[in-house]
K.L.:
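I'd like to ask some things about the structure below.
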Amino acid sequence: MKPSIPRGTRDFSPSDMQKRNYILNCIRKNFELFGFQQIETPAMENISTLTGKYGDEGDQLIFKILNSRIHESKNKEVMRKEFELSLQSSRNSEELTEKALRYDLTVPFARYVVMNQNDITFPFRRYQIQPVWRADRPQKGRYREFYQCDADMIGSNSLTNELELISLIDKSFSELNVPVILKFNNRKILTALAEVINERDKIIDITVAIDKLDKIGKEGVNKELLEKGISQEAVNKLQPLLDFKGTNEEKVEVLKNLLGNNETGKKGIEEIEFILNANFKLQTSNLELDITLARGLNYYTGTIFEVKANAGTFTPSILGGGRYDDLTGIFGLPNMSGVGISFGIDRIYDVMEELNVFPEQISKAASCSMLFTHFDEVSQAHCLQLAVELRNQNISCEVYPDVSKKIGKQFDYANKKNIPFVCTVGSNEIEKQIYAIKYMESGNKQELNLQDMIDYLKTELK
RNA sequence: GCGGUCUUAGCUCAGUUGGUUAGAGCACCAGAUUGUGGUUCUGGGGGUCGCCGGUUCGAGUCCGGUAUUCCGCCCCA
């Protein structure tokens with residue numbers, strides 16, 4: 001058969017993994033530097049855990065897992081009915097699919113917090129690096145399996161958590177050498193907006209439409225708002241928001257004029273001002289209040305974040321996040337506010353590839369430090385013994401696995417794998433216990449006994 | 001889920017209005033070179049032209065379906 005993998009999924013070769021791990025290690029190091037602790041959760045969740053958290057569109061992007069051994073079920077009539085209903089409209093039937101692949105890491109985290117609340121010391125900082133799955137149509141930078149790297153603080157209302165996350169974002173992208181623009185907004189602003197224009201029920205439609213401003217323009221947004229049944233009067237009231245361009249402080253003034261008399265609006269503006277005024281390192285990061293930033297996920301209630309690359313032509317969203325005041329409530333633990341962010345390393349990878357900002361040494365990384373070459377079974381066996389000695393000294397090495405008189409072929413192998421040192425062992429070497437070490441880059445050779453070889457390699461490999 | 005697009009050797013791609021045995025570069029293998037790689041030269045292997053069906057005397061080329069890639073919509077890391 002012809003081998004293939006599902007669309008939207010990918011294999012990662014050793015050179016891919018070197019680059020992916022470079023990104024991952026940077027982010028993981030910073031997570032730990034900020035005191036986050038790692039957890040993992042299962043790839044699959046009960047489907048009821050996931051549904052209803054991501055909006056209607058999100059629910060349809062959940063990968064469902066068909067129940068096993070349905071042919072042995074005793075409830076086939078019920079299943080047939082459920083299947084018929086599933087053909088009619090989007091729904092979840094636990095008779096057919098009781099499990100699903102996780103869609104993000106935040107909802108499983110909320111579930112974890114509720115289940116383990118007695119063992120957790122709050123406020124809890126956790127990080128989680130695992131793949132998620134979305135039944136989306138693949139495109140460039142849009143995969144059906146991809147990794148999220150989440151850092152969340154839960155059990156604290158303090159806005160200093162938001163400041164810490166901004167600091168973490170700033171530090172991570174500057175270390176990765178990716179120029180970014182960090183946008184933020186507050187869901188309370190959007191809620192207040194819907195209230196002020198008397199379209200409270202349409203908040204989702206309003207936020208989704210406004211979020212598209214930079215993509216479809218003001219006319220596009222207005223058209224979509226009207227199509228969704230928002231009144232012309234309400235749309236008119238929104239115009240100052242859509243028109244406005246200016247500094248963060250000027251935007252706050254616009255918000256005050258528009259929403260200053262609304263309680264929720266006041267609170268949102270306060271939170272925004274706190275972040276902007278925080279006497280922090282924020283001035284050096286590219287922090288922008290974007291009053292049209294909405295984000296689709298339903299569970300956000302306060303601050304929302306989004307990061308985009310600020311260079312090159314491929315500038316997808318590479319980080320998202322925000323504050324959720326009551327995600328755990330649905331699982332039975334109310335009043336547990338959390339805030340978190342999620343790095344999308346697959347897209348960060350694509351952006352870094354385009355910008356060509358991976359350090360050069362990553363692509364040159366060798367699989368090991370030394371290759372032993374040989375001529376026959378006897379010399380190969382001697383090499384295996386030498387390899388044990390080197391590895392005991394923490395020097396990585398490999399013995400060419402096949403026996404061949406063609407030493408050139410063995411050298412070519414070292415050359416292709418960027419292995420920096422080659423040691424050839426034959427009967428002369430075994431007899432004298434002196435080995436010729438060749439440094440591939442220069443071609444220089446050194447004749448050394450085992451102890452000198454170890455010392456030499458340790459010095460050279462530093 | 002809807003619309004468009006791509007697919008020819010391991011990789012990147014040519015392939016004329018449908019017409020002999022489908023090509024190139026790189027990679028691979030062998031030799032020049034029997035204890036030392038990168039350069040060079042010579043030779044060689046490798047294709048159900050994504051898959052299924054149709055039109056035709058004849059299909060890589062035209063038509064239908066399907067899968068995949070990428071793009072737009074929707075949504076999002």
Side-chain angles (χ1 to χ4, degrees), chain A residues 1-10 13 23 27 54-62 89-90 102-106 129-150 204 207-209 211-212 215-216 220 224 293-298 300 304-309 314-322 340-351 371-376 379 400 404-429 435-445:
Chain A
M1 72 177 275
K2 191 173 176 178
S4 66
I5 55 175
R7 64 188 315 197
T9 66
R10 296 150 303 151
S13 65
I23 301 171
I27 291 171
Y54 308 111
D56 289 342
E57 200 65 39
D59 277 0
Q60 302 196 33
L61 296 178
I62 294 172
S89 64
S90 171
R102 71 167 100 76
Y103 178 91
D104 72 354
L105 301 179
T106 308
I129 297 172
Q130 289 189 275
V132 302
W133 293 269
R134 294 187 187 174
D136 210 340
R137 182 96 169 217
Q139 282 180 36
K140 183 172 189 185
R142 173 186 291 183
Y143 308 104
R144 298 213 292 186
E145 177 183 64
F146 60 96
Y147 270 71
Q148 288 195 333
C149 308
D150 277 35
I204 301 278
T207 53
V208 167
D211 194 47
K212 293 180 195 164
K215 206 169 173 185
I216 61 178
E224 181 160 333
L293 178 66
R295 302 203 58 75
L297 296 177
N298 278 357
Y300 292 127
I304 45 184
F305 296 112
E306 180 174 75
V307 171
K308 288 187 172 196
F314 183 61
T315 58
S317 168
I318 51 179
L319 176 145
I341 53 172
S342 181
F343 289 81
I345 67 152
D346 301 80
R347 286 181 174 178
I348 293 172
Y349 181 106
D350 292 340
V351 165
L371 175 73
F372 285 101
T373 64
H374 45 77
F375 302 96
D376 50 34
S379 52
Y400 194 80
S404 162
K405 291 265 188 263
K406 294 195 193 310
I407 210 77
K409 190 176 167 179
Q410 301 181 43
F411 267 75
D412 200 34
Y413 177 79
N415 197 39
K416 281 176 184 158
K417 293 187 78 169
N418 287 319
I419 298 172
F421 294 96
V422 175
C423 175
T424 301
V425 176
S427 50
N428 296 341
E429 286 79 4
Y435 310 96
I437 317 300
K438 183 166 181 174
Y439 180 52
M440 295 295 276
E441 198 174 307
S442 65
N444 288 342
K445 273 200 273 191

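Every chain is numbered from 1, with letters handed out A, B, ... down the list of sequences.
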K.L.:
How long is the span from the CD atom in A:Q148 to the CG atom in A:D346, to the nearest 0.5 Å?
P.N.:
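One gets 9.5 Å once the value is rounded to the nearest 0.5 Å.
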
K.L.:
Remember a base hit wins even if backbone is also touched, and classify A:K212 as base, sugar-phosphate or nothing at under 4.0 Å, heavy atoms.
P.N.:
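Contact class for A:K212: sugar-phosphate only.
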
K.L.:
Could you work out the separation of B:U56 and B:U61 based on their C1' atoms and round it to a whole Å?
P.N.:
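Per the computed distance, 13 Å lies between those C1' atoms.
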
K.L.:
Measure from the side-chain N and O atoms of A:R134 to the backbone N and O of A:Y103, and report whether any donor-acceptor pair falls under 3.5 Å.
P.N.:
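Yes; at least one donor-acceptor contact below 3.5 Å.
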
K.L.:
So, the side chain of A:S379 versus the backbone of A:F375: is there a donor-acceptor pair under 3.5 Å, distance only?
P.N.:
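The answer is yes, because a donor-acceptor pair under 3.5 Å joins these two groups.
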
K.L.:
Which dot-bracket string describes RNA chain B (Watson-Crick N1-N3 plus N6-O4 or O6-N4, or G-U N1-O2 and O6-N3, all under 3.5 Å; [ ] crossing; | other strand)?
P.N.:
((((..(..((((.....[...)))).(((((.......))))).....(((((..]....))))))..))))....

K.L.:
I'd like a table of atom pairs between the protein and nucleotides 38-40 of chain B - only N or O on both sides, under 3.5 Å - with the distance next to each one.
P.N.:
| residue | atom | partner | partner atom | Å |
| --- | --- | --- | --- | --- |
| B:G38 | O4' | A:N415 | ND2 | 3.2 |

K.L.:
Using heavy-atom distances to pick each residue's nearest nucleotide on RNA chain B, tell me which of A:A135 and A:P6 is more 5'.
P.N.:
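So the residue in question is A:A135.
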
K.L.:
Please list, for nucleotides 2-6 of chain B, all pairs of protein and nucleotide N/O atoms separated by less than 3.5 Å.
P.N.:
| residue | atom | partner | partner atom | Å |
| --- | --- | --- | --- | --- |
| B:C2 | N4 | A:R137 | NH1 | 3.2 |
| B:G3 | O6 | A:R137 | NH2 | 3.2 |

K.L.:
Within the 4.0 Å heavy-atom criterion, would you say A:K445 contacts the bases, only the backbone, or no part of the nucleic acid?
P.N.:
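If one applies the 4.0 Å heavy-atom cut-off, A:K445 turns out to touch a base.
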
K.L.:
Expressed in whole Å, how much space separates the C1' atoms belonging to B:A30 and B:U69?
P.N.:
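My reading of the C1' atoms in B:A30 and B:U69 gives 37 Å.
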
K.L.:
Could you report the tightest heavy-atom contact between A:E306 and A:S317, atom names first, then the distance?
P.N.:
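So the two residues come closest at OE2-OG, 3.4 Å.
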
K.L.:
Which donor-acceptor pairs under 3.5 Å do the side chains of residues 420-429 of chain A make with protein atoms, sequence neighbours left out?
P.N.:
| residue | atom | partner | partner atom | Å |
| --- | --- | --- | --- | --- |
| A:T424 | OG1 | A:T373 | OG1 | 2.7 |
| A:E429 | OE1 | A:G426 | N | 2.9 |

K.L.:
Can you check the A:R144 CZ to B:A67 P distance for me, whole Å?
P.N.:
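Answer to the nearest Å: 11 Å.
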
K.L.:
What integer number of Å spans the P atoms of B:U48 and B:A22?
P.N.:
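So the two P atoms sit 13 Å from each other.
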
K.L.:
Using the six-membered ring wherever Trp is involved, compare the ring planes of A:H374 and A:Y400 and label them parallel, tilted or perpendicular (cut-offs 30° and 60°).
P.N.:
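Geometry flag for A:Y400 against A:H374: tilted rings.
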
K.L.:
List the atom of A:S404, the atom of A:Q410, and the distance in Å for their closest heavy-atom pair.
P.N.:
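Shortest heavy-atom contact: O-NE2, 3.2 Å.
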
K.L.:
For a quick check of understanding: with a heavy-atom distance under 4.0 Å over all strands, which category does A:Y413 fall into, base, sugar-phosphate or nothing?
P.N.:
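Result for A:Y413 = nothing.
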
K.L.:
What integer distance in Å separates A:K416:NZ from B:A27:P?
P.N.:
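So the two atoms are 9 Å apart, to the nearest Å.
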
K.L.:
Is any side-chain N or O of A:K406 closer than 4.0 Å to OP1 or OP2 of B:C29?
P.N.:
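No.
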
K.L.:
Can you measure A:D136 atom CG to B:C71 atom C1' for me and round it to whole angstrom units?
P.N.:
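For the pair A:D136 CG and B:C71 C1', the rounded distance is 14 Å.
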
K.L.:
Is any side-chain heavy atom of A:T9 closer than 4.5 Å to one of A:Y143?
P.N.:
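They are not in contact (no side-chain heavy atoms under 4.5 Å apart), so the answer is no.
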
K.L.:
Pick out the pairs of N or O atoms, protein on one side and nucleotides 33-35 of chain B on the other, that lie under 3.5 Å.
P.N.:
| residue | atom | partner | partner atom | Å |
| --- | --- | --- | --- | --- |
| B:G35 | O6 | A:N428 | ND2 | 3.4 |
| B:G35 | N1 | A:E429 | OE1 | 3.1 |
| B:G35 | N1 | A:E429 | OE2 | 3.2 |
| B:G35 | N2 | A:E429 | OE2 | 2.5 |

K.L.:
Run the side chain to side chain contact (heavy atoms under 4.5 Å, CB included) test against A:N418 and tell me which residues pass, sequence neighbours left out.
P.N.:
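Partners of A:N418 by the side chain to side chain contact (heavy atoms under 4.5 Å, CB included) criterion, ordered by chain and then number, come out as A:A366.
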
K.L.:
How many angstroms lie between atom NZ of A:K212 and atom OG1 of A:T207, to the nearest 0.5 angstrom?
P.N.:
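It comes to 10.0 Å.
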
K.L.:
In whole Å, what separates the C1' atom of B:C6 from that of B:G46?
P.N.:
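Their C1' atoms lie roughly 25 Å apart.
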
K.L.:
Between B:A14 and B:U7, how far apart are the two C1' atoms, rounded to whole Å?
P.N.:
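Per the computed distance, 15 Å lies between those C1' atoms.
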
K.L.:
Return the CD1 to CD1 distance between A:I27 and A:I348, rounded to the nearest 0.5 Å.
P.N.:
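It comes to 4.5 Å.
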
K.L.:
What pair of heavy atoms forms the shortest contact from A:D104 to A:Y54, and how long is it?
P.N.:
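Smallest interatomic distance, heavy atoms only, reads OD1-OH, 2.6 Å.
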
K.L.:
Measure from the side chain of A:E57, starting at C-beta and using heavy atoms only, and say which of B:U69, B:C75, B:C71 lies closest.
P.N.:
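The nucleotide sitting nearest to the side chain is B:C75.
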
K.L.:
Could you tell me whether the phosphate oxygens of B:G72, OP1 or OP2, come under 4.0 Å of any side-chain nitrogen or oxygen in A:Q139?
P.N.:
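Affirmative; the distance criterion is met.
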
K.L.:
Expressed as a whole number of Å, how far does the P atom of B:U5 sit from that of B:U66?
P.N.:
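To the nearest whole Å, 14 Å.
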
K.L.:
OP1 or OP2 of B:C76 less than 4.0 angstrom from a side-chain nitrogen or oxygen of A:R134, does that happen here?
P.N.:
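No, A:R134 has no side-chain N/O under 4.0 Å of OP1/OP2 on B:C76.
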
K.L.:
Need one value for A:L61: base, sugar-phosphate or nothing, where a base atom within 4.0 Å counts as base even if backbone is also close, heavy atoms only.
P.N.:
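Result for A:L61 = sugar-phosphate.
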
K.L.:
Nearest whole angstrom, please: distance from the P of B:G72 to the NZ of A:K140.
P.N.:
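Rounded to the whole Å, the gap is 10 Å.
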
K.L.:
Nearest whole Å is fine: how far is B:C71 P from A:R7 CZ?
P.N.:
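Checked: the CZ to P distance equals 13 Å.
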
K.L.:
Rounding to an integer number of angstrom, what distance separates B:G60 and B:G3 when you compare their C1' atoms?
P.N.:
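Nearest-Å result for B:G60 against B:G3 at atom C1': 27 Å.
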
K.L.:
Where is the tightest heavy-atom contact between A:G141 and A:R347, given as atom of each residue plus distance?
P.N.:
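Between these two residues, the closest heavy atoms are O-NE, 2.6 Å.
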
K.L.:
Over how many whole Å does the gap from A:F421 atom CZ to B:G37 atom P extend?
P.N.:
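Result: 18 Å.
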
K.L.:
Rounding to an integer number of Å, can you tell me how far A:Y103 OH sits from B:C76 P?
P.N.:
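One finds 6 Å between P of B:C76 and OH of A:Y103, rounded.
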
K.L.:
Expressed in whole Å, how much space separates the C1' atoms belonging to B:U20 and B:U55?
P.N.:
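Their C1' atoms lie roughly 23 Å apart.
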
K.L.:
Output the rounded distance in Å from CD1 (A:I5) to C1' (B:U68).
P.N.:
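Checked: the CD1 to C1' distance equals 11 Å.
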
K.L.:
Students often get this wrong, so: under 4.0 angstrom with heavy atoms, is A:G8 touching a base, only sugar-phosphate, or nothing?
P.N.:
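Counting heavy atoms under 4.0 Å across all strands, the contact made by A:G8 is with sugar-phosphate only.
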
